[in-house]
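Reminder, nothing fancy here: chain letters follow the sequence lines and each chain counts from 1.
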There are 2 protein chains.
Amino acid sequence: MPANRDSAPGAAPDTAPRHSIAVVSRRTGLNQLLLRAWERRYGVVAPGRTDTGRRLYSDLDIERLLLLRRLTAADHRIGDVATGTLDDLRALVAELPPAAAGAARPFPPAGTTPGAKTAAALLDEALVAVAALQPGALESVLERATMHLSRPTLRQELIQPLLQRVGELWRDGSLRIAHEHMASTIVQTFLATANANQVPATGSPLLVVASPSRNRHELGALLAASLGLDLGWEVLYLGADMPAEEIALAVDIRGARAVFLSLIYPPGDAVVAAQIELLRRLVGPQVGILAGGGSAPSYATTLADIDARLAMAPDDFAGALNELLS
Amino acid sequence: MPANRDSAPGAAPDTAPRHSIAVVSRRTGLNQLLLRAWERRYGVVAPGRTDTGRRLYSDLDIERLLLLRRLTAADHRIGDVATGTLDDLRALVAELPPAAAGAARPFPPAGTTPGAKTAAALLDEALVAVAALQPGALESVLERATMHLSRPTLRQELIQPLLQRVGELWRDGSLRIAHEHMASTIVQTFLATANANQVPATGSPLLVVASPSRNRHELGALLAASLGLDLGWEVLYLGADMPAEEIALAVDIRGARAVFLSLIYPPGDAVVAAQIELLRRLVGPQVGILAGGGSAPSYATTLADIDARLAMAPDDFAGALNELLS
DNA sequence: AGAGTTTTGTATAGATGTTGTCCAGTTGAA
DNA sequence: TTCAACTGGACAACATCTATACAAAACTCT
């Protein structure tokens, strides 16, 4: 942060009151009621006021509130930490256990969201958004889904069925390529963002996710990455079109414990099979190799030869990863 | 000073009053009633007048209005931000939440970050993260960059040089495919997420972004989408591998005003040229067609034939989009 | 362990403040 | 004429304010 230029002409930007309560609520994830309650009860911040009495928060107020949100999410009591100085709060946050550091409370309880949605209802909404070529609407469905569904439910009852239905509708002519591309792009970005936001604890074992062949979409691999994160692994995502040498290099540089290969296309190809065998030779016997994706079964014998594990369902995948740690 | 903003190329000063309220309304997506109300109530802008009292807005007025539109879309209240200087507004916009709502973010503003603020310093950090195959570190650099750099600077002085440097280092053997893929994946997700979070006002004109050929990466197209959003357009992003019929379908369904074609590979291909011509026939003469990307110049004659505009630099692109609305 | 107390997040009601849109009437431009 | 733009007043929808209330969770103390 910039050094304080005290006594210099011109207002200090960090303390200038300029954010309305709506902005602060959005940026901190704290609901407006709670912002007012904390201020009234503990004097957590002292925002300025407009002429007509509306609150105006400064950047420093926002930082303070963000720190408090993290502390309360980590089971500190608001009454205990409310009056600390900014430095006190930063120090407390710094000594938080890393597990709690990334996973704060689910973000926006802010707006009054209408009643709980089922995965099936959300799926319908998503399909409508795809048919109308409205990427924003699709994003909004996915975003809402994260509030109502657990991560496994989200994967298994919304994202996978959605992609499957879009694929079916495309093949039978009800949807066009444009629809399919739009849906894939949005879902892919959504998954990648969700994965990036899930920070694993330090010291987590590392899983490399890649595909040896050239796939149009990388969604299966991203779903595997998401699952790996849920199981407590750190994930290095390399994507499609990765030669075995490159995968092995990444395993080596980062000291990975396992590799997941997404095998979508083509099925039963000799070049791909050779790449799989080469990968095993390059990484040595210590590293676990898992494989999944539509055409993984067609490589079953190759995979068995190199002591790789076929993981077609989430449970297989979880089981295989857990075995590697025991 | 950088001073290299994405403004229109014309030598005329930005302050010359020359746009009617109708043009400004189309270009900003703000309805005329609202433009007048903001001016009357808050003095948001002070456009010149013709002899008979019609408003004439300058380019700077338009920029100011676009910034205000983004801020109000992000829950800022017009009354709070109306009187800020242009720089204040730019600073506020740069602060807008960069990550997707719906998930807790890694914590940005704590004092832990030393003052790496310039684009060059951030670029160095980013290259280190890429070389170490640390996607999380690269994400964190990009996220911090959104706080310190304006969007055009971010595009032109961080993201584009980063991709270029990675490409160079890959070709000369210093980096491997794995590095290049990792960097592309992260940057792509970052851009797509940033774009998704920038919500255009209702009534904004629509730009379709697509590529007729099969590109490994879609980064150029995503950069174009980002630029379009900054200029106040709504963007429908379709991605690569799009037949002309599909692009035309999307234009038709959503009533788009313009199409941006990203032409990366292959250069001078007859099939691609035919697709470009077909696109013009399908969408009719009303829809603007722009083209950019590495191999766009190799299609210059085809593009000229169908009255499409070659947009290789941000300024060309901005100029072409603005012309369509005048 | 269990009863009582405190803490804490959320809810409601009623009173303003704020803001996008609309209307009526007028004037210049095509 | 017909259309676009101008002004100033009006208004409904929504945001935000204060104050009080309440239930669940956490804590205290026997």
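With sequence neighbours left out, A/D80 forms a salt bridge (charged side-chain N to carboxylate O under 4.0 Å, His left out) with A/R77. The side-chain hydrogen bond (donor to acceptor under 3.5 Å, both in side chains) test applied to B/S20 returns no partner, not counting sequence neighbours. Residues passing the side-chain hydrogen bond (donor to acceptor under 3.5 Å, both in side chains) test with A/T83, sequence neighbours excluded: none. By the side chain to side chain contact (heavy atoms under 4.5 Å, CB included) test, A/R49 is found to be paired with A/E39, A/R55, residues two or more places apart in sequence or in another chain being considered. Scored by the side chain to side chain contact (heavy atoms under 4.5 Å, CB included) test, B/L34 finds B/L30, B/N31, B/W38 as partners (sequence neighbours excluded). Shown here are the side-chain hydrogen bond (donor to acceptor under 3.5 Å, both in side chains) partners of B/E323, two or more places apart in sequence or in another chain: B/R309. For B/R257, the side-chain hydrogen bond (donor to acceptor under 3.5 Å, both in side chains) criterion is met by no residue, not counting sequence neighbours. Scored by the side chain to side chain contact (heavy atoms under 4.5 Å, CB included) test, B/V287 finds B/V251, B/V259, B/V283 as partners (sequence neighbours excluded).
Distance B/D75 CG to D/dC14 P: 14 Å, rounded to the nearest Å. The nearest whole Å value for the distance from the CD1 atom in B/I78 to the C1' atom in D/dC14 is 16 Å. The distance between atom CG of A/L35 and atom C1' of C/dT10, rounded to the nearest whole Å, is 13 Å. Computed from coordinates, the A/L34 CG to C/dT7 C1' distance equals 13 Å when rounded to whole Å. Going from atom CG of A/L30 over to atom C1' of C/dT8 covers 13 Å, rounded to whole Å. What separates CZ of A/R77 from P of C/dT7 is a distance of 7 Å, to the nearest Å. Nucleotide D/dT16 holds its C1' atom 11 Å from the OH atom of A/Y57, rounded to whole Å. Counting to the nearest Å, the C1' atom of C/dT7 and the CG atom of A/L71 are 17 Å from each other.
Phosphate contact (OP1/OP2 of C/dG20, side-chain N/O of B/N31, threshold under 4.0 Å): absent. Note on A/Q32: every side-chain N or O is 4.0 Å or more away from OP1 and OP2 of D/dA15.
Residues from residues 36-43 of chain B lying near DNA chain C, meaning a heavy-atom separation below 4.0 Å, are B/A37, B/W38, B/R41, B/Y42 in numerical order. Taken residue by residue, residues 44-56 of chain B places heavy atoms nearer than 4.0 Å to DNA chain D at B/R49, B/G53, B/R54, B/R55.
A salt bridge is defined here as a Lys NZ or Arg NE, NH1 or NH2 lying under 4.0 Å from an Asp or Glu carboxylate O, and A/R18 with B/D88 fails to meet this definition. Ion pair A/D87/A/R90 flagged as a salt bridge, since at least one NZ, NE, NH1 or NH2 atom sits closer than 4.0 Å to an Asp/Glu carboxylate oxygen.
B/H76 and A/H19 have tilted rings, their planes meeting at an angle from 30° to 60° on a 0 to 90° scale.
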Please tabulate the protein-to-nucleotide N/O contacts below 3.5 Å involving nucleotides 12-14 of chain C, giving atom names and distances.
none

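Proximity of B/N195 to B/Y237: side-chain heavy atoms (C-beta onward) are nowhere separated by under 4.5 Å. Between B/P205 and B/L325 the shortest side-chain heavy-atom distance falls below 4.5 Å. The closest side-chain heavy-atom distance from B/P285 to B/D307 is not below 4.5 Å.
Note on the helix from C/dA1-D/dT30 to C/dA30-D/dT1: angle between the axes of the first and last five pairs equals 40°, rounded to 10 degrees.
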